[in-house]
2 protein chains.
Amino acid sequence: MKQEKADRRSQRTRRLVSAAFAELVAEMPYDKILVQDILDRAGIGRTTFYAHYFDKEDVLNSIIEQELELLTRQIDRAATGQRLIPSLELFEHAYHSQNQQLRALMQSRASDFLWEALQVALCRAIESALTTHWTEKYSSPIPVPVVSEYLAGAFLTLLKWWVTADMPYPPEQMERIFQQLALPGVWALLTESEQKAGIDADVPTLLSRTHL
Amino acid sequence: MKQEKADRRSQRTRRLVSAAFAELVAEMPYDKILVQDILDRAGIGRTTFYAHYFDKEDVLNSIIEQELELLTRQIDRAATGQRLIPSLELFEHAYHSQNQQLRALMQSRASDFLWEALQVALCRAIESALTTHWTEKYSSPIPVPVVSEYLAGAFLTLLKWWVTADMPYPPEQMERIFQQLALPGVWALLTESEQKAGIDADVPTLLSRTHL
DNA sequence: TTGGTTTCGGAACACCATGTCCGTTACCGA
DNA sequence: TCGGTAACGGACATGGTGTTCCGAAACCAA
């Protein structure tokens, strides 16, 4: 079920299946999609399909895995710095994602897996960043994993809403909204002396509540 | 498929099916559960099942609907006051929920529907409270629906984590955590003069960031 | 208790989607 | 050009679904 250096025909088939699946998932709920639907839409034979995928779920997973890899790489790259979460990059990634696949997928119910996987990946990265770069500043009875969970969830909620609403605002504005809504609570957990540093230059402005 | 004043036998059947389903959903992913599994577990006949439910999904929906009604009533009741969200009551509701059904359901993957429905209900309530009681204080470029979405999402993220982790803290502590993490960003959107009023007495304390 | 009504249960059934196997055809890479 | 590999269509076994029929059992009201 893997492709090392694939025959053109194999690539073609996989491409057709992915495209067909993306279309279908945008039209109807995942669990209503039949293998036959994929076959018809992709214009391939039954045998061919099963030569490439175990089953319907395998198609979903392969697409998600592929997309998730890009995102995870982006997240981990940011985790090496002091930033807790590469929010702007993620908003922009979704925004500029040429292939409709990502949007269609995110909007459909099939993406529950994707969102959950993203939540986990984000959470890990945030926790790591928090314990690596902010340990000495962090003094709060709230456990770090809870903070991470909250931040990841708050971000993904906004991202999800934004994508579902067909991205009515530019990524930069979403980034600002996220900073204003979700981060003050986290900053408050870090000792005062360091609040001006790192993460974002908007911090002081936000906490003074004057520019709204 | 409804029961007005049901025969004892009908009640028994529905009860058995609900219980069996709750058990199964705690043991395996929803889409792996067969009707036959429910039949075996509940100890009823195939014919009987289809006399009460359209299909497997109908069982899930009926349980969710039932639970959702309780929660929605609680949410709407709080929405009449100035509070944005009855967080403490919801944490406590989950905590004291005697029947394992709620916990098992929330922890399983089948509950995606429930979470989504909760998100919508919460969002509506928050938006309503915000436009009703806070209009004159609210002056921000961030649209009210976005704020509502964020608050509902942030709360549900914490609730979800808490339930999944088998509720390691008392509801009161979760309430405090939620207030500290998620609300500062929202309060900052309301004009300064009113920040001491309503919602929660902890507000000033939080914003001064001294008690952490 | 009785008698009419409703539900239950079991077996058999048609239906449909799944996943596999075959021989043949078309395409690819070298 | 030629050997290998993938696509194809059709047929097939499998397994879960939802329905039907009918006798037995449980219910409820009188």
Side-chain angles (χ1 to χ4, degrees), chain A residues 1-66 108-110 113, chain B residues 1-66 108-110 113:
Chain A
M1 294 300 157
K2 274 283 178 66
Q3 42 170 2
E4 316 261 328
K5 280 174 185 171
D7 194 312
R8 280 191 223 159
R9 289 168 294 180
S10 294
Q11 295 181 26
R12 188 187 92 107
T13 298
R14 285 200 155 254
R15 198 160 24 84
L16 289 174
V17 169
S18 287
F21 187 82
E23 282 181 37
L24 287 168
V25 100
E27 293 174 14
M28 60 178 90
Y30 167 73
D31 48 308
K32 301 294 177 194
I33 297 176
L34 307 180
V35 174
Q36 190 60 51
D37 294 331
I38 303 176
L39 268 39
D40 295 341
R41 191 67 66 106
I44 65 169
R46 191 166 202 74
T47 318
T48 308
F49 175 84
Y50 283 105
H52 287 272
Y53 301 92
F54 278 117
D55 50 23
K56 194 179 58 174
E57 195 174 324
D58 192 28
V59 180
L60 177 61
N61 287 333
S62 77
I63 293 182
I64 286 184
E65 194 181 336
Q66 178 187 337
S108 84
R109 166 154 283 104
F113 296 97
Chain B
M1 296 300 158
K2 272 285 180 61
Q3 42 172 358
E4 317 259 329
K5 278 175 184 170
D7 194 310
R8 281 189 224 157
R9 291 167 291 181
S10 294
Q11 295 181 30
R12 187 186 93 105
T13 299
R14 285 201 155 254
R15 197 159 25 83
L16 289 174
V17 169
S18 286
F21 186 83
E23 281 181 37
L24 288 168
V25 99
E27 293 173 15
M28 59 177 90
Y30 167 74
D31 48 307
K32 300 295 178 194
I33 297 176
L34 307 181
V35 174
Q36 190 61 51
D37 295 331
I38 304 177
L39 269 36
D40 294 340
R41 190 68 65 107
I44 65 171
R46 193 168 200 72
T47 318
T48 307
F49 175 85
Y50 283 106
H52 287 273
Y53 302 92
F54 278 116
D55 51 23
K56 194 180 58 174
E57 195 176 322
D58 193 27
V59 180
L60 176 61
N61 287 332
S62 78
I63 293 182
I64 286 184
E65 194 181 336
Q66 177 187 335
S108 82
R109 177 169 311 300
F113 296 97

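Side-chain atoms are counted along with the backbone in the values below, which use heavy atoms only and exclude waters and symmetry mates.
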Considering only nitrogen or oxygen atoms on both sides, find all protein atoms under 3.5 Å from nucleotides 24-27 of chain C and state each distance.
unit_1 : atom_1 : unit_2 : atom_2 : d
C/dC27 : O2     : A/R9   : NH1    : 3.0

Looking only at atom types and distance, does a side-chain atom of B/S18 sit under 3.5 Å from a main-chain N or O of B/R15, one as donor and one as acceptor? no
Over how many whole Å does the gap from A/Q11 atom CD to C/dG29 atom C1' extend? 13 Å
Looking only at heavy atoms, the pair that brings B/Q11 and B/A6 closest together is NE2-O, 3.2 Å
Please identify each residue that fulfils side-chain hydrogen bond (donor to acceptor under 3.5 Å, both in side chains) with B/N61, with sequence neighbours left out. none
Ignoring hydrogens and geometry, is there a side-chain-to-backbone donor-acceptor pair from B/D37 to B/L34 under 3.5 Å? yes
Heavy-atom closest pair, residues A/Y53 and A/D58: CA-OD2, 3.4 Å
Rounding to a whole Å, what distance do you find between A/E57:CD and C/dA17:C1'? 16 Å
Within-4.5 Å side-chain heavy-atom neighbours: A/F113 and A/E65: no
To the nearest Å, give me how far apart CG (A/D58) and P (C/dG19) are. 10 Å
Separation of B/L16 CG from B/R12 CZ (nearest 0.5 Å): 5.0 Å
Please state how far atom CZ in A/R8 lies from atom P in C/dA30, giving the value in whole angstrom units. 10 Å
Walking along DNA chain D from 5' to 3', note the first and the last nucleotide with an atom under 4.0 Å from a heavy atom of chain B, and give both. D/dG16 to D/dC28
Heavy atoms only: give me the nearest A/A20-A/I38 pair and the separation to one decimal. CB-O, 4.1 Å
Contact check, side chains of B/D31 and A/D31, non-hydrogen atoms, under 4.5 Å: no
How many whole angstroms separate atom CZ of B/R12 from atom C1' of C/dG9? 11 Å
Taking NE2 from B/H52 and P from C/dT6, how many angstroms apart are they, rounded to a whole number? 14 Å
Rounded to the nearest angstrom, tell me the gap between atom CD1 in A/I33 and atom P in C/dT18. 11 Å
Residues at least two apart in sequence or cross-chain that pass side-chain hydrogen bond (donor to acceptor under 3.5 Å, both in side chains) with B/R41, listed by chain then number, are B/E23, B/E27
Close side-chain approach of A/Q36 to A/F49, heavy-atom, < 4.5 Å: no
In residues 38-49 of chain A, what residues come within less than 4.0 Å of DNA chain D, judged by heavy atoms? A/G43, A/I44, A/G45, A/T47, A/T48
To the nearest 10 degrees, how far apart in direction are the end axes of the helix from C/dT1-D/dA30 to C/dA30-D/dT1, each fit to five base pairs? 50°
Are B/H52 and B/V59 close enough, and set up right, to give a side-chain contact (heavy atoms from CB on, under 4.5 Å), and what steps lead you there? CA-CA 9 Å; B/H52 287 273; B/V59 180; over 6 Å; no
Rounded distance (nearest 0.5 Å) linking atom CD1 of A/I63 with atom CZ of A/R14: 10.0 Å
